[in-house]
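Below you'll find the structure, written out as structure tokens, and then a few comments.
The residues of the chain are indexed from 1 along the displayed sequence.
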Amino acid sequence: MPEVYEVVNGPITCHCWNKDRSKLAICPNNNEVHIYAKKSGKWEVEHILTEHGQRVTGMDWAAESDRLVTCAADRNAYVWIYTGSAWKPTLVILRINRAATVVKWSPKENKFAVGSGARCVSICYFEKENDWWVSKHIKKPIRSTVLSLDWHPNNYLLAVGSTDFKARVFSTYTKEIEEKPDSTCWGKKMPFGQCMAEFTTAGGGWVHCVSFSPSGNKLCWVSHDSSISVVDQSKEQDAVVVSVKHTYLPYLACQFLTESSIVAAGYDCYPVLWNHDDNNKLSFINKLDQSEKKAGGGSMSAMNKFKQLDTKATTTSTDTDLESTHQNSITQIVVYSVSQGSADVFSTIGVDGRVAIWACKSLEAAIAGLKFS
């Protein structure tokens with residue numbers, strides 16, 4: 001089962017890893033960024049970054065350049081560079097008048113995208129002449145707050161999920177820093193800001209998360225109407241969105257692990273596996289968390305009575321632990337490692353302050369019939 005670390009005593013807003021997974025960055029639901037290093041099997045705080053004035057809402061760590069980007073409700077974003085003893089921030093000119101909500105580096109790390117409540121996406125790149133980070137805006141036809149972003153492997157296309165019940169794919173071709181893109185199944189002409197595709201949620205719900213498949217041909221999104229949807233754009237003219245309105249609480253995060261396997265999680269507090277096959281069939285496979293409640297004794301000792309009174313203001317033995325690794329909503333899924341083009345380990349965070357690392361091979365061994373195809 002997963003490796004579990006109780007990092008903070010409270011919600012974790014977002015998290016990311018450095019290239020060799022020796023360091024972990026999180027936001028403990030405030031204006032700070034905590035960077036942890038693993039020592040003797042435990043994660044210990046190494047640096048605390050306090051440049052933001054309000055709650056940090058997104059972060060991403062560039063694997064090759066080792067640059068950390070953060071954004072927050074203070075409408076600012078910073079690119080952080082480690083100088084050997086401290087983290088040095090560089091302000092990004094976002095030009096937005098509402099909170100930034102999410103940020104992601106592009107695959108080639110030459111630009112990053114910032115979603116916001118200003119009904120736009122800021123595509124940011126470094127301008128060498130002036131030695132600063134500048135941005136260009138994608139606005140139309142976004143009509144509400146952007147909640148999620150995901151980059152296509154080609155470094156040009158960006159999936160955007162927002163609270164106007166839409167999942168969209170935009171071109172981010174930036175002529176100042178890159179060559180013209182080749183045509184893809186999403187379209188041939190890709191000028192900056194071009195909306196290449198637009199999809200509506202199954203029952204009208206905020207799009208909480210979007211995810212491209214490893215090839216970039218498929219797009220998955222989950223929304224607040226308790227639905228999960230997938231489209232296979234490689235079929236081009238015959239591409240049909242398949243949506244399933246499931247019986248579980250809404251998912252807050254989704255992630256393609258392979259070309260057909262999708263892991264999703266949210267208010268149910270455990271990750272689940274879905275499969276999208278070549279016949280455009282989207283199927284629920286299994287719950288990935290098979291944790292069980294710890295057996296508890298019937299009577300309480302005097303010491304436990306005092307502990308219960310101190311922490312929960314009661315002397316009765318009320319068992320509120322869930323039968324899952326996470327004890328509250330899972331808010332983010334991040335790919336931890338990739339093998340042969342597919343993710344084989346992923347990490348989750350939740351409102352319970354825990355970070356869990358899930359290995360696909362271990363899950364296959366523990367759950368009968370489970371296969372990440």
Side-chain angles (χ1 to χ4, degrees), residues 11 13-14 57-58 98-99 101-102 104 115-121 140-150 158-170 195-213 218-233 235 239-257 260-277 279-289 322 324 326 328-334 346 348-351:
T13 308
C14 47
T57 53
R98 296 290 187 274
T101 53
V102 60
K104 274 210 170 183
S116 71
R119 298 185 296 178
C120 70
V121 178
K140 295 181 180 180
I142 302 171
R143 299 175 62 86
S144 194
T145 301
V146 173
L147 293 182
S148 58
L149 303 169
D150 196 38
L158 179 72
V160 178
S162 54
T163 57
D164 58 2
F165 315 149
K166 305 283 187 182
R168 300 181 177 92
V169 177
F170 289 99
C195 184
M196 311 301 292
E198 180 179 281
F199 308 102
T200 306
T201 58
W206 292 1
V207 178
H208 285 300
C209 191
V210 290
S211 177
F212 275 115
S213 64
K218 294 181 181 181
L219 179 68
C220 173
W221 62 95
V222 293
S223 53
H224 204 71
D225 59 350
S226 288
S227 71
I228 178 170
S229 305
V230 176
V231 63
D232 184 356
Q233 197 65 21
K235 306 255 194 277
V240 176
V241 176
V242 55
S243 297
V244 176
K245 292 200 72 173
H246 51 79
T247 57
Y248 309 100
L249 295 176
Y251 298 142
L252 293 173
C254 64
Q255 179 65 54
F256 264 105
L257 299 181
S260 57
S261 294
I262 306 160
V263 63
Y267 291 108
D268 279 318
C269 312
Y270 52 79
V272 297
L273 182 66
W274 289 79
N275 181 271
H276 181 257
D277 62 23
N279 296 319
N280 203 31
K281 184 181 179 182
L282 183 59
S283 309
F284 175 81
I285 302 300
N286 209 335
K287 172 182 170 183
L288 297 181
D289 192 349
L322 301 178
S324 58
H326 283 285
N328 210 320
S329 304
I330 295 173
T331 54
Q332 189 183 22
I333 300 171
V334 170
F346 63 93
T348 57
I349 57 166
V351 182

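Looking at Asp150, its side chain does come within 3.5 Å of a backbone N or O of Phe212 through a donor-acceptor pair. Side-chain atoms of Asp164 come within 3.5 Å of backbone atoms of Arg143 as a donor-acceptor pair (strictly under, hydrogens ignored). A donor-acceptor pair is defined here as one N or O able to donate and one able to accept, closer than 3.5 Å; such a pair exists between the side chain of Asp277 and the backbone of Asn279. A donor-acceptor contact shorter than 3.5 Å links the side chain of Lys218 to the backbone of His276. A donor-acceptor distance shorter than 3.5 angstrom exists from the side chain of Thr101 to the backbone of Val146, with no hydrogens or angles considered. A donor-acceptor distance shorter than 3.5 angstrom exists from the side chain of Ser211 to the backbone of Phe256, with no hydrogens or angles considered. For the pair Arg168 (side chain) and Pro141 (backbone), a donor-acceptor distance under 3.5 Å is present.
Atom CD1 of residue Ile142 and atom SG of residue Cys195 lie 8.5 Å apart, to the nearest 0.5 angstrom. Here the CG atom belonging to Leu252 is positioned 9.0 Å from the SG atom belonging to Cys209, to the nearest 0.5 angstrom.
Nearest approach of Pro271 to Val263, heavy atoms of both residues: CB-CG2, 3.9 Å. The shortest non-hydrogen separation linking Leu282 to Ile228 is CD2-O, 3.6 Å. When all heavy atoms are compared, the tightest approach of Gln255 to Ile333 is CB-CG2, 3.9 Å. Contact between Gly161 and Val207 at its shortest, heavy atoms only, is CA-CG1, 3.7 Å. Taking every heavy atom of both residues into account, Thr13 and Thr57 meet most closely at CG2-CA, 4.2 Å.
Under the rule for a side chain to side chain donor-acceptor pair (under 3.5 Å), the partners of Trp274 that lie at least two apart in sequence or sit in another chain are Tyr251. Cys14 is linked by a side-chain contact (heavy atoms from CB on, under 4.5 Å) to Cys27, Val56, Met59, Gln332, counting only residues two or more places apart in sequence or in another chain.
You'll find the side chain of Val210 stays beyond 4.5 Å of the side chain of Val160, heavy atoms only. Using a 4.5 Å heavy-atom threshold, the side chains of Asp225 and Phe165 count as separate. When side chains are defined from C-beta on, Thr201 does not count as touching Trp206, because their heavy atoms never get closer than 4.5 Å. Contact of the Leu257 side chain with the Phe346 side chain is registered, since non-hydrogen atoms from C-beta on lie closer than 4.5 Å. At a threshold of 4.5 Å between non-hydrogen side-chain atoms, the residues Ser261 and Leu273 count as touching.
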Give the table of side-chain donor-acceptor pairs shorter than 3.5 Å for residues 239-249, with sequence neighbours excluded, one pair per line with atom names and distance.
residue : atom : partner : partner atom : Å
Ser243  : OG   : Ser229  : OG           : 2.7
His246  : ND1  : Tyr248  : N            : 3.2
His246  : ND1  : Tyr248  : O            : 3.4
His246  : NE2  : Ser226  : O            : 3.4

